[in-house]
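What follows is a short report on a single structure.
Throughout, residue positions are numbered sequentially from 1 according to the sequence presented.
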Amino acid sequence: MASPCRDNGSVNRSNVRPIERSITHATVAASAPSAAAGSSDFLQLRIEDAPAGGRSVWLARELRRAIADGRLPVGSRLPATRVLAAELRVSRGVITEAYRRLAEDGQLAGRGRGGTVVVAAPVTTAAKGAASTPYAHRTAAPSAAPPAPATAAATIAPSAAPFAAPPGPEIFDELRAAPARIDLSPGVPDLSAFPRTAWLRAERSVLAGLVSTELGYGDPRGTPALRLAVANWLARNRGIRADPDEVLIVAGTAQALGLIGQVLHHDGIREIAVEDPGSLGARQHLRHWRLATPPVPVDDDGIRVDALRASGARAVLLTPAHQFPTGVVLGGGRRRELMRWAADGGLIVEDDYDAEHRYDRAPVPALRSLLPEQVCYAGSVSKLLAPALRVGWLLPPPKYRKALVDAKRFADLGNAALPQLVLARLMESGELERGLRLLRRRHRRRRDAMIAAIRDRLPDATVHGAAAGLHLTITFGRDGRRASDTDLAAAALARGVKVQPLSWHSQRPSLPGLVLGYAARTPDEITEGVSVVGEALSRMRR
């Protein structure tokens, strides 16, 4: 567990800016009484604004708001716990607990004698143009009223454009750009946990040993160092034995699907079956390359292989380790059926989505480890580190290996080499696995917070896929069909909470539901966000 008294590795020490004099000098010595009882010049905090019995939660929320809106930029030092406790006339434990919550979230870190410092700010689209967005937190004057509760934001309705029509190719760009206080979109890891210090250390090490010839054009398959590191990573973590020469480095799973789509189309394959429900984004990429995506139903054991056979498709895209969005694991019986289907000439494209993030179940082997000749395996670091790196990998079956390498060559001549070399160093040093172990503990707490909030605020909802991954799905039972999940998502966005409707990811009629991500939000934000969704659903049912 992270502590405000200990460096949690969120940033490089050399990158912390000098202490902001305006912040630290805003506090007064612990022995000097505040001008007003229970108040502080620091952020104009007033303890009377805190609810009874919830002072630590209130203070943590106020600190998060100050970090999000820039009043506490990265590098700022917070007052000592004893100083702030004396000013607010509370026990020191209240302050320590609030600091601990933010340290656990990766936003604060202890610097020993340097105090407790802001080391990371949340990534939010609402930060852009904060002065004009209804959800930007503004610095309140000392005499201003306390912030309104989250549900009061229902009177401020941003555009519901992302949900006004069936989703088009630009839908995820629109949704990312839509301002929101709390983003519960699936597929987003905890970006504040990116190992900045370890990355910078690996980058300096790589640059120190880099020879000039390595700065030229390289192998379009990827650097030898990363292909070896990926082969070793997959052997350790996914049970896949592969030679580094079989590994093709790509710009994330999105590019992998694009390259596969091109190659299959050229080979005369005009459709690739997909799970239903299944990822809307994956379908969009395949359709862009002129592949039809016939839906195959998914049940509690995963994709129905009998329906796959009936579809007549020669290829299928699967997320067998943690099916998106239902979260089910492909069962043993279905795996055997799938192997028989593949033996008859079928091709499996395995998107190993969320495979590393599991909490309440044993790991399941990758299909590639069982069927190397019939599986085209795709993985990436988007959920392990950050989507911004745009690094993933493909293990093509022998039949399509050369064609996929050629497609990658003519797409971009290969990924940028320097990030590949740094990532290889992280993988081989064990830093990536150490970070994954820390993330699992943090994600489990956030998952548990979401389940508890759903139980309290959405008692009619059924939770799916909570044993692993970075998201869960809920469907609605009693009176569920009377509520449109796109209308519910629009109503939640109008109240400042961003979610995805399950119907976006379904090609056939299905129960309404929501797909909710929890990895990138704190437990308090998750609880608040689910409460807003619950209120929106209650209003729709009246």
- Is the shortest distance from a Lys or Arg side-chain nitrogen in Glu104 or Arg442 to a carboxylate oxygen in the other one below 4.0 Å? no
- Pair Arg64 + Glu525, salt bridge at N-O below 4.0 Å: no
- Item | Expected output: side-chain Asp267 to main-chain Val263 donor-acceptor under 3.5 Å | no
- Just by modelled atom types, is the Val250 backbone N or O under 3.5 Å from a matching donor or acceptor in the Lys408 side chain? no
- Query: Is it true that a side-chain atom of Arg368 and a backbone atom of Val375 form a donor plus acceptor pair closer than 3.5 Å?
  - Reply: yes
- Note on the structure: CG of Leu421 to CG of Leu426, rounded to nearest 0.5 Å, is 11.5 Å
- Okay, side chain of Arg401, backbone of Glu246: is any donor-acceptor separation there less than 3.5 Å? no
- Task: Establish, from distance only, whether the side-chain atoms of Glu428 and Asn232 form a donor-acceptor pair under 3.5 Å.
- Result: yes
- Item | Nearest-0.5 Å distance, CG of residue Leu439 to CG of residue Leu384 | 8.5 Å
- Message: Between Gln420 and Gly222 (side chain of the first, backbone of the second, donor and acceptor by atom type, cut-off under 3.5 Å), is there such a pair?
- Response: no
- Message: Exactly one of Val305, Leu317, Leu308 should register a side-chain contact (heavy atoms from CB on, under 4.5 Å) with Val296. Which one does?
- Response: Leu308
- With a 4.5 Å heavy-atom cut-off, do Leu175 and Trp504 have their side chains touching? yes
- Item | Any side-chain heavy-atom pair of Ser380 and Pro387 under 4.5 Å | no
- Query: With side chains defined as the heavy atoms from C-beta onward, is the minimum distance between Leu389 and Trp199 less than 4.5 Å?
  - Reply: yes
- Query: Checking Asp219 side chain against Arg221 main chain: does a donor-acceptor pair fall under 3.5 Å?
  - Reply: yes
- Query: In Å, rounded to the nearest 0.5 Å, how long is the span from NE2 of His288 to CD of Gln262?
  - Reply: 8.5 Å
- Do side-chain atoms of Arg495 reach the backbone of Val533 as a donor and acceptor pair under 3.5 angstrom? no
- Find out whether Trp341 and Ile348 are in side-chain contact, i.e. whether some heavy atom of one side chain is under 4.5 Å from a heavy atom of the other. yes
- Task: Calculate, to the nearest 0.5 Å, the distance between atoms CZ and CG belonging to Arg270 and Leu264 respectively.
- Result: 10.0 Å
- Item | Pair Ser192, Gln107: side-chain N/O donor-acceptor within cut-off below 3.5 Å | no
- Query: Backbone N or O of Pro512 within a donor-acceptor pair of the Asp485 side chain at under 3.5 Å?
  - Reply: no
- Between Arg409 and Asp406, is there a salt bridge with N-O shorter than 4.0 Å? yes
- Item | Intermediate values then yes/no, salt bridge (charged side-chain N to carboxylate O under 4.0 Å, His left out), Asp173 and Arg176 | CA-CA 5 Å; Asp173 299 327; Arg176 278 190 289 267; 2.9 Å; yes
- Message: Please determine whether a side-chain nitrogen of the Lys or Arg among Arg227 and Asp245 lies less than 4.0 Å from a carboxylate oxygen of the Asp or Glu.
- Response: yes
- Message: Is it true that Tyr359 and Asp448 share a donor-acceptor pair across their side chains at a distance under 3.5 Å?
- Response: no
- Task: Check whether any side-chain heavy atom of Arg390 sits under 4.5 Å from a side-chain heavy atom of Asn415, and report yes or no.
- Result: no
- So, for Ile451 and Ala466, which heavy atoms are closest and what is the spacing to 0.1 Å? CD1-CB, 3.8 Å
- Item | Of Arg201, Arg196, Arg437, the residue whose pairing with Glu431 passes salt bridge (Lys or Arg N to Asp or Glu O under 4.0 Å) | Arg201
- Does the side chain of Leu338 come within less than 4.5 Å of Leu371's, by heavy atoms? no
- Task: Please work out whether the ring planes of His505 and Phe172 are parallel, tilted or perpendicular, with thresholds of 30° and 60°.
- Result: parallel
- Indicate yes or no for a side-chain donor-acceptor contact from Arg521 to the backbone of Leu184 under 3.5 Å, with no hydrogens or angles considered. no
- Message: For Leu502 versus Pro277, what's the shortest heavy-atom pair and its separation?
- Response: CD1-CB, 4.4 Å
- Message: I want to check something: taking the side chain as every heavy atom from C-beta on, are Leu207 and Glu203 in contact at a cut-off of under 4.5 Å?
- Response: yes
- Separation of His443 NE2 from Leu438 CG (nearest 0.5 Å): 10.5 Å
- Arg283 and Asp276 ion-paired at < 4.0 Å: no
- Query: In Å, rounded to the nearest 0.5 Å, how long is the span from CG of Leu511 to CD1 of Ile474?
  - Reply: 12.0 Å
- Query: Can you tell which of Lys383, Arg238, His322 makes a side-chain hydrogen bond (donor to acceptor under 3.5 Å, both in side chains) with Asp352?
  - Reply: Arg238
- Under 4.5 Å between any side-chain heavy atoms of Glu433 and Trp233, yes or no? yes
- Donor-acceptor pair, side chain of Thr473 and main chain of Pro325, under 3.5 angstrom: yes
